[in-house]
Amino acid sequence: MTPDFTPAQVEADRRVLELLAQSFPSVSSASTEIINLEAILNLPKGTEHFVADLHGEHEAFRHILKNASGNIKRKVREIYGTSMREQDIRQLCSLIYYPEQKLERIHQSEVDINDFYNVTLHQLVRVCQMVSSKYTRSKVRKSLPPEFAYIIEELLHESPSDEDKDAYFNRIIETIISTGQADAFIIAMCNVIQRLSIDQLHILGDVFDRGPGAHLIMDILCTRDNFDIQWGNHDALWMGAAAGNDCSIANVLRISLRYGNLATLEDGYGINLLPLATFAMETYKDDPCTQFIPHIDSENPDRVDDKTLQLMAKMHKAISIIQFKLEAAMAEKHPEWGMADRRLLHLIDKERGIITIDGKEYPLIDTNFPTLDPANPFTLTAEEADLMTKIHHSFMVSDKLQRHVHCLLTHGCMYGVFNGNLLFHASMPLNADGSLKDVEIEGVPYKGRELMRKIGRMMRMPFHREADPERVELARDYYWYLWCGPDSPLFDKSKMATFERYFIADPATHQEEKGYYYVLRNDEKICDMILDAFEVEGNQRHIINGHVPVRINKGETPIRANGRLMVIDGGFAKAYHGTTGIAGYTLVYHSRGFQLVQHEPFTSAEEAINHGTDIVSTTQLVEMSSHRMRVRDTDKGRELQKQIHELRELLYAYHHGLLNERPQKGR
């Protein structure tokens with residue numbers, strides 16, 4: 001239906017239309033674009049993948065990207081389920097996931113390689129045709145490797161079942177083989193299948209933490225255009241470290257040492273830990289540092305020898321004491337944050353081996369504090385201060401860390417709204433009655449969406465040097481509050497009881513009271529109130545969170561609040577597998593609705609290559625649509641419809657002489 005326009009309306013919109021006319025200078029060019037956009041609106045909705053809390057588990061994450069959360073295998077089964085054995089389907093999928101490595105093994109065992117090439121190329125073309133069917137030719141073309149783009153495009157849009165094209169199609173395949181390009185072409189096809197199987201990737205926070213490959217995950221993400229991230233508390237911690245926040249730096253080091261994970265620091269970002277090791281060996285040389293023995297992955301207990309384990313324990317204790325001093329100074333610097341209870345070192349009685357908190361005495365598990373001066377308990381010693389200067393410098397000059405943080409800032413925010421779904425990592429500060437809570441920043445109260453936007457601006461400020469130096473310093477400090485502040489949307493607990501867990505046996509001191517969001521979010525009305533506050537529309541709208549592991553083995557469910565809330569932290573990190581009973585979730589939103597994919601622990605890429613094994617995944621239908629969703633049903637569709645409206649107005653202006661057509665360039 002053609003919209004009604006008037007000359008007055010065109011005149012009011014003249015500036016916009018003149019800009020539009022630069023791209024579409026004639027009736028024919030504008031009409032062609034309208035036809036293109038209308039066609040796109042009727043394509044099936046692209047597939048969105050949501051993952052949360054990767055925590056450095058790069059192998060599992062990489063595999064889930066390669067197999068599109070099991071979607072590629074489902075596509076292969078749809079095509080070949082009745083004509084191929086299950087073993088052959090697994091081998092074809094393994095080839096699609098790891099083409100280079102799989103081809104190496106095939107060359108060692110295959111007796112008729114040309115026959116393998118011929119069969120496999122035909123199979124891959126069919127799979128690629130299926131996964132590309134919901135995209136325009138233009139979008140598919142952009143995903144193709146330049147060296148094979150023309151050939152792949154020809155194969156995708158021709159069929160060997162068409163008698164007129166049969167010889168043409170088969171001759172292309174034969175020539176690929178005879179010219180020695182089969183391996184390269186297979187690799188290219190497999191990579192195209194992987195890319196086209198995920199239209200948009202949503203990361204709901206916490207790329208970083210205890211796993212060994214956060215930097216490798218960031219390497220993968222920074223090569224992709226089709227991803228966004230809602231920052232998590234661990235991401236904010238590393239971003240704060242890259243911004244130069246010493247509390248964040250100390251926490252990053254402490255957590256890495258706690259889990260025996262130095263790969264991200266040393267191998268990934270080139271952080272020099274030698275000064276810390278030297279200091280720790282000198283300061284704690286006779287201290288067994290029992291409470292600080294790293295939590296080594298139980299599935300691989302021998303990966304660190306005893307000598308290294310002892311060194312890491314000493315380093316762990318050294319940086320922990322420094323952290324408590326730095327945090328105490330930060331809490332004193334910012335009394336408005338209400339974190340004075342994190343200043344605990346002055347409450348220690350070294351001689352008696354106790355600490356007095358709220359008038360109650362607690363025995364200390366560890367009483368060796370060689371760097372603690374009772375007269376100035378929060379002051380770094382000269383050696384500690386010199387150490388922090390060196391470590392601070394190492395973080396600031398790490399080009400790779402700074403590049404990765406730039407990538408997080410470019411693709412990320414505190415929250416996101418996509419196709420009726422509100423995404424944020426952890427929490428939304430609430431009052432006891434369920435209303436949005438005011439949180440004061442720079443003397444101004446913010447809540448809900450405005451709070452998240454304000455925090456997002458604060459987090460970017462330290463990386464824009466032209467800003468006011470005092471505000472930059474505050475923003476840099478604020479990274480620590482985001483990590484452990486009571487009203488931080490990334491934390492939202494009464495306290496982070498790190499000191500108590502290390503030094504006090506009484507579990508009552510370890511309690512961290514959760515904010516009201518964690519209690520009230522199972523109420524559909526509360527979720528609807530939050531969605532309204534963020535202006536998320538639609539009958540099938542949702543909040544999607546990560547952060548809190550869902551304990552499947554204790555009967556918890558990721559689907560809550562009558563379907564309004566989905567919590568998809570299933571524990572990617574190996575350290576959580578025993579807690580959750582699984583190894584992560586992927587939420588998949590395709591043209592027919594939502595599917596929740598529950599993953600079992602990933603063995604290894606080597607197993608997948610050699611034996612065709614895959615992550616064992618269970619798919620649960622969450623919410624299916626009564627009709628197949630099209631692009632017109634999405635945010636992108638609404639943008640395209642606005643563009644069509646503007647183009648139709650431009651046509652009206654051309655047809656009625658309100659704007660003149662111009663010759664197109666090159667004519």
Side-chain angles (χ1 to χ4, degrees), residues 32-50 64-79 93 96-97 99 121-159 162 169 172 185-202 221 223-228 411 418-421 586-595 625 627-644:
T32 299
E33 184 66 6
I34 291 172
I35 294 167
N36 290 338
L37 296 179
E38 287 285 3
I40 292 171
L41 287 173
N42 287 287
L43 287 170
K45 173 193 175 298
T47 302
E48 299 173 72
H49 285 237
F50 304 77
I64 283 171
L65 287 186
K66 287 179 175 295
N67 79 353
S69 303
N71 192 48
I72 289 176
K73 182 173 281 187
R74 287 192 291 273
K75 297 286 188 186
V76 172
R77 283 198 176 120
E78 284 180 34
I79 301 170
C93 289
I96 293 172
Y97 307 156
L121 285 167
H122 278 83
Q123 291 172 339
L124 291 175
V125 169
R126 286 193 64 188
V127 176
C128 199
Q129 285 173 335
M130 176 172 264
V131 299
S132 65
S133 62
K134 62 173 60 178
Y135 302 117
T136 64
R137 286 195 179 194
S138 174
K139 184 165 184 175
V140 173
R141 190 179 301 120
K142 290 175 183 175
S143 72
L144 303 179
E147 63 272 24
F148 295 121
Y150 173 76
I151 301 173
I152 294 176
E153 194 167 7
E154 286 293 294
L155 291 172
L156 291 182
H157 299 104
E158 302 296 347
S159 172
D162 183 338
F169 185 97
I172 292 176
F185 197 83
I186 286 172
I187 292 168
M189 287 289 290
C190 292
N191 289 333
V192 169
I193 291 168
Q194 290 180 33
R195 282 197 295 273
L196 293 178
S197 296
I198 299 176
D199 189 46
Q200 184 68 23
L201 177 65
H202 306 288
L221 292 177
T223 63
R224 301 178 71 98
D225 295 323
N226 63 336
F227 93 95
D228 54 82
H411 290 268
F418 301 92
N419 297 322
N421 300 302
T586 307
L587 184 65
V588 181
Y589 185 24
H590 49 64
S591 60
R592 300 195 183 278
F594 279 98
Q595 290 181 310
S625 175
H627 69 284
R628 192 174 192 189
M629 285 174 282
R630 305 286 174 180
V631 172
R632 69 171 62 254
D633 301 315
T634 67
D635 296 340
K636 180 64 174 177
R638 284 181 279 278
E639 291 177 13
L640 295 180
Q641 286 171 326
K642 290 177 183 177
Q643 292 176 29
I644 290 170

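A 4.5 Å side-chain heavy-atom check between Leu201 and Asp228 finds every atom pair outside the cut-off. Using a 4.5 Å cut-off on side-chain heavy atoms (C-beta onward), Val140 and Ile152 make no contact. The closest side-chain heavy-atom distance from Ile96 to Val76 is below 4.5 Å. Asn191 places none of its side-chain heavy atoms less than 4.5 Å from the side chain of Pro145. Here the side chains of Ser143 and Gln194 are not in contact, with every heavy-atom distance at 4.5 Å or above. Looking only at side-chain heavy atoms (C-beta outward), Ile151 and Phe185 come within less than 4.5 Å of each other. The closest side-chain heavy-atom distance from Leu37 to Leu41 is not below 4.5 Å. Taking 4.5 Å as the limit, some side-chain heavy atom of Phe169 sits within range of a side-chain heavy atom of Val125.
Taken to the nearest 0.5 Å, the OG atom of Ser197 stands 8.0 Å off from the NZ atom of Lys75. Note that CD of Gln641 and CZ of Arg632 are 5.5 Å apart. Values are rounded to the nearest 0.5 Å. One distance of note links NZ of Lys142 with CG of Leu144; it measures 12.0 Å at 0.5 Å rounding. Rounded to the nearest 0.5 Å, atoms CD (Glu38) and CD1 (Ile644) are 4.0 Å apart.
Here the side chain of Asn67 pairs no donor or acceptor atom with the backbone of Lys73 at under 3.5 angstrom. Not one N or O on the side chain of Gln200 forms a donor-acceptor pair closer than 3.5 Å with the backbone of Thr47.
In this structure, Val192 and Cys128 approach most closely via the heavy-atom pair CG1-SG, 3.7 Å. Between Ser132 and Leu196, the shortest heavy-atom distance links the atoms CB-CD1, 3.7 Å. The two atoms that bring Leu43 and Ser133 nearest to each other are CD2-O, 4.4 Å, heavy atoms only. What you find for Ile193 and Leu124 is that their closest heavy atoms are CD1-O, 3.9 Å. Shown here for Leu155 and Gln129, the closest heavy-atom pair between the two residues is O-NE2, 3.2 Å. Across all their heavy atoms, Thr136 and Ile40 have their closest contact at CG2-CG1, 3.4 Å.
Using modelled atom types and a 3.5 Å distance limit, the side chains of Gln595 and His590 yield a donor-acceptor pair.
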Verdict with supporting geometry, His49 and Leu587, side chain to side chain contact (heavy atoms under 4.5 Å, CB included)
CA-CA 6 Å; His49 285 237; Leu587 184 65; over 6 Å; no
Carefully, step by step, assess Gln123 and Val127 under the rule side chain to side chain contact (heavy atoms under 4.5 Å, CB included).
CA-CA 6 Å; Gln123 291 172 339; Val127 176; 5.6 Å; no
Check step by step if side chain to side chain contact (heavy atoms under 4.5 Å, CB included) holds for Val631 and Asn42.
CA-CA 6 Å; Val631 172; Asn42 287 287; over 6 Å; no
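By the ring pair (Phe, Tyr, Trp, His ring centres under 6.0 Å) test, His411 is found to be paired with Phe227, residues two or more places apart in sequence or in another chain being considered. Take Phe418 and apply the ring pair (Phe, Tyr, Trp, His ring centres under 6.0 Å) test, not counting sequence neighbours, and it matches His202. Residues passing the side-chain hydrogen bond (donor to acceptor under 3.5 Å, both in side chains) test with Thr586 are Ser69, His599, sequence neighbours excluded. Considering only residues two or more places apart in sequence or on other chains, Ser591 meets the side-chain hydrogen bond (donor to acceptor under 3.5 Å, both in side chains) condition with Arg628. By the side-chain hydrogen bond (donor to acceptor under 3.5 Å, both in side chains) test, Asn419 is found to be paired with Glu48, residues two or more places apart in sequence or in another chain being considered.
Between Asp633 and Arg630 there is no salt bridge, since none of the side-chain N atoms of the basic residue sits less than 4.0 Å from a carboxylate O of the acidic one.
Ring geometry for Tyr589 against Phe594 counts as parallel: the plane angle stays under 30°, on a 0 to 90° scale with 60° as the upper cut.
Pairs passing the salt bridge (Lys or Arg N to Asp or Glu O under 4.0 Å) check and including a residue from residues 123-140, sequence neighbours excluded, read Lys139-Asp199.
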